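Reviewing the structure listed below.
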Protein chains: 2
Amino acid sequence: MHGAPPLPAQPQSCTPAASLLTRLGRWSVRQFTAALKPIGLKPRHLATLIELRNAPLPQQSLGEAVDVDAAQLVGLLNDLESDGLVHRRRDPEDRRRHIVEISDVGRERLAEADRALADVDARLMAGLTPEDRARFVTLLRFVAEHGGFEEECAGRSDVSPCVAAAEEDECGSL
Amino acid sequence: MHGAPPLPAQPQSCTPAASLLTRLGRWSVRQFTAALKPIGLKPRHLATLIELRNAPLPQQSLGEAVDVDAAQLVGLLNDLESDGLVHRRRDPEDRRRHIVEISDVGRERLAEADRALADVDARLMAGLTPEDRARFVTLLRFVAEHGGFEEECAGRSDVSPCVAAAEEDECGSL
DNA sequence: TATTGTTATACTCTATAACTATA
DNA sequence: TATAGTTATAGAGTATAACAATA
C-alpha cells in the first residue's frame with residue numbers, strides 16, 4: 001500500500017455510490033419490467049399507482065412524487081385511465097387542476113404487483129442477512145428522501161439514520 | 001395503528017429496495033450526465049473507461065463488466081477511440097477478438113471525471129454520517145456483486161457483509 | 001401574466017436480429 | 001458449426017417547447 005506506484009496515486013474512481021446506483025437501478029428496471037409484464041404494468045405506471053395509494057393528487061404533485069415531468073405523466077395517466085386503474089376529475093376549487101384518484105381495480109392491480117415485486121426484492125438482496133437487508137432499505141429510503149436535490153438540500157440539517165441494528169420498523173405506514 | 005382498517009391490511013408496497021433503486025438510479029444518471037458534460041463524457045463511456053483502468057479486456061468481457069450488450073458497446077468504443085481515450089487491437093491468439101486498452105489520455109480524462117463524480121456522491125449522501133456512508137457503499141457494492149442475476153445466484157452461498165461499523169477499507173484496490 | 005395540463009417533436013437509450021470474419 | 005465483433009433497425013424512455021384553458 002506504500003510502494004511508490006508509477007501512476008499518480010491511482011485516484012478515486014472506487015465505484016462510488018452514485019455509480020453503483022446507476023448500475024443497480026438499470027438492473028432493477030429490467031427486473032421490474034419483466035416481472036410486471038404478466039400483469040400489464042410498466043415500472044412507471046406502477047410507481048404512479050403507488051403514489052396514489054394513500055390519497056388522490058393533482059397531476060403536478062403526482063409528477064413530483066413519481067419523479068416524471070408533467071408531459072410524460074400525461075401519457076402514463078392515459079394508459080392507466082384507459083385500463084380503469086385511475087380516474088381524473090377536475091378540481092372544483094381550481095378548474096385548471098386534474099385530481100387523480102386510484103380506483104378499486106387499481107388497488108387490486110397494485111396488490112398483484114406487490115407480490116411480483118417482492119420476488120424481485122428477494123433476488124436483489126438474496127445474499128444479505130435480514131439485518132443487512134433492513135439496513136440497506138433504511139439507507140436507501142433515507143438517501144431517496146434527503147439526498148442531493150440541489151436547493152432542497154441547502155438549508156437542510158436532517159440527521160443520518162445511523163443504522164445501528166436497523167430496527168424492525170420496516171413497513172411502518174409507507 | 002390497530003383500529004380495524006377498511007382495506008385488506010394495506011399490503012406491502014412499502015417502497016422496497018428495487019423500487020428505490022430504480023428511482024435513485026435515474027437520479028444518479030441525470031446527475032452524472034450533467035456533471036460529465038463539461039469534460040465530454042457520458043455515464044456509459046465513463047463506466048467503460050473505469051473497467052479498463054486495471055487491465056485491457058476483450059470486448060466481450062468488457063461488455064459484461066459494464067453491463068451493456070456487445071452491440072451498444074461498439075458505439076461506445078467508437079466514441080472513445082475517436083477521442084483517443086482507448087485503443088482497439090486484435091488479439092494475436094484469436095484474431096476474432098479485439099483487445100481494448102485505455103490510453104494515457106484516457107487515464108487523464110478518468111481523473112477529471114473522478115473529481116466531478118466525487119461531487120455528485122457528496123450531494124447524494126449529504127445527509128449521512130461518515131459511518132452510514134461507508135455502510136451504504138459497502139452494501140451497494142455487495143448487492144451489485146452478488147445480487148440477483150438468476151442462475152448465477154442459484155448455487156451461491158456468499159456471506160452477507162453484516163456491516164457492523166463499516167471498516168475503513170473503502171477504496172481498497174478497486 | 002402565470003399556472004395546469006396537453007400535444008408535438010426530437011433525442012437518447014435499449015433490445016433484437018442479421019451480417020462478417022475468424023475459429 | 002460456433003464465436004467475436006459489427007451493422008441496422010425498431011422500440012421505449014426522456015427532455016423540450018409550444019399550445020389551450022383557467023386563474
Side-chain angles (χ1 to χ4, degrees), chain A residues 21-37 40-48 51-52 56-82 86-101, chain B residues 21-34 36-37 40-48 52 56-82 86-101:
Chain A
L21 284 174
T22 64
R23 173 160 211 168
L24 290 170
R26 290 195 313 126
W27 180 86
S28 297
V29 168
R30 281 200 299 265
Q31 298 300 312
F32 271 43
T33 304
L36 291 174
K37 178 160 284 182
L41 283 178
K42 292 180 181 179
R44 283 306 175 67
H45 297 78
L46 174 63
T48 306
E51 293 300 333
L52 292 171
L57 289 173
Q59 288 185 203
Q60 183 181 346
S61 314
L62 182 56
E64 291 169 10
V66 182
D67 190 28
V68 298
D69 65 35
Q72 17 190 146
L73 182 61
V74 173
L76 294 176
L77 292 178
N78 288 348
D79 296 339
L80 291 171
E81 195 166 32
S82 72
V86 305
H87 299 300
R88 273 186 273 209
R89 63 169 192 271
R90 284 201 175 276
D91 183 347
E93 297 185 5
D94 183 343
R95 290 184 46 74
R96 292 174 301 186
R97 284 202 181 90
H98 286 185
I99 306 290
V100 188
E101 187 172 19
Chain B
L21 284 174
T22 63
R23 173 159 212 167
L24 290 171
R26 290 196 311 126
W27 180 86
S28 297
V29 169
R30 281 200 299 265
Q31 298 300 314
F32 270 44
T33 304
L36 292 174
K37 178 161 285 184
L41 283 178
K42 292 181 182 178
R44 283 306 176 65
H45 296 78
L46 174 62
T48 306
L52 292 171
L57 289 173
Q59 291 186 201
Q60 183 181 346
S61 313
L62 182 56
E64 291 169 10
V66 183
D67 191 26
V68 298
D69 64 35
Q72 14 189 151
L73 183 61
V74 173
L76 294 176
L77 291 178
N78 289 346
D79 296 339
L80 291 171
E81 195 166 32
S82 71
V86 305
H87 299 299
R88 274 186 273 210
R89 64 169 192 271
R90 287 201 174 274
D91 183 347
E93 297 185 6
D94 182 344
R95 289 184 44 76
R96 293 173 302 185
R97 285 203 180 91
H98 287 183
I99 306 290
V100 188
E101 186 172 20

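Treat the numbers as computed from the prediction; the structure is a model and nothing was measured. Proteins come first, then strands; the chains are lettered A, B, ... in the order of their sequence lines, and each starts at number 1.
To the nearest angstrom, P of dT6(C) lies 12 Å from CG of Leu76(A). Taking atom CZ of residue Arg97(B) and atom C1' of nucleotide dT3(D), one finds them 9 Å apart after rounding to whole Å. Taking atom CG of Asp79(A) as the reference point, atom P of dA12(D) lies 11 Å away to the nearest angstrom. The interatomic distance linking Leu62(A) (CG) with dG5(C) (C1') rounds to 13 Å, in whole Å. Taking atom CD of Glu64(B) as the reference point, atom P of dG5(D) lies 10 Å away to the nearest angstrom. Regarding Phe32(A), its CZ atom lies at a distance of 17 Å from the C1' atom of dG13(D), rounded to whole Å. Gln59(B) places its CD atom 14 Å from the C1' atom of dA21(C), with the value rounded to the nearest Å. A straight line from CG of Leu36(A) to C1' of dA12(D) spans 15 Å, rounded to a whole angstrom.
Using a 4.5 Å heavy-atom cutoff, the side chains of Arg90(B) and Arg97(B) are not in contact.
Smallest separation of non-hydrogen atoms from Asp67(B) and Arg30(A): OD2-NH2, 3.0 Å. In plain terms, the two heavy atoms of Arg23(B) and Glu51(A) that are nearest each other are NH1-OE2, 4.3 Å.
Regarding contacts with the backbone of dT4(C), every side-chain N or O of Arg88(A) stays at 4.0 angstrom or more from both OP1 and OP2.
For the atom pair CG of Leu73(A) and CG of Leu62(A), the computed distance is 5.0 Å after rounding to the nearest 0.5 Å. One distance of note links CG of Leu76(A) with NE2 of His45(A); it measures 4.5 Å at 0.5 Å rounding. Here the CD atom belonging to Gln31(B) is positioned 11.0 Å from the CG atom belonging to Leu36(B), to the nearest 0.5 angstrom.
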When every nucleotide of nucleotides 8-15 of chain C is labelled 5' to 3' by its protein contacts under 4.0 Å (heavy atoms), B for base, S for sugar-phosphate only, - for none, what sequence of letters results?
-> -----SSB

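Val100(B) pairs in a side chain to side chain contact (heavy atoms under 4.5 Å, CB included) with only one of the listed residues (Thr48(B), Leu80(B), Leu77(B)), which is Leu77(B).
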Short heteroatom pairs, N/O only, protein and nucleotides 20-23 of chain D, under 3.5 Å:
from    : atom 1 : to       : atom 2 : distance (Å)
dA23(D) : OP1    : Arg95(A) : N      : 3.0

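Looking only at distances, no side-chain donor or acceptor of Arg89(A) sits under 3.5 Å from a matching main-chain atom of Ile99(A).
Residues meeting the side chain to side chain donor-acceptor pair (under 3.5 Å) test with Arg44(B), sequence neighbours left out: none.
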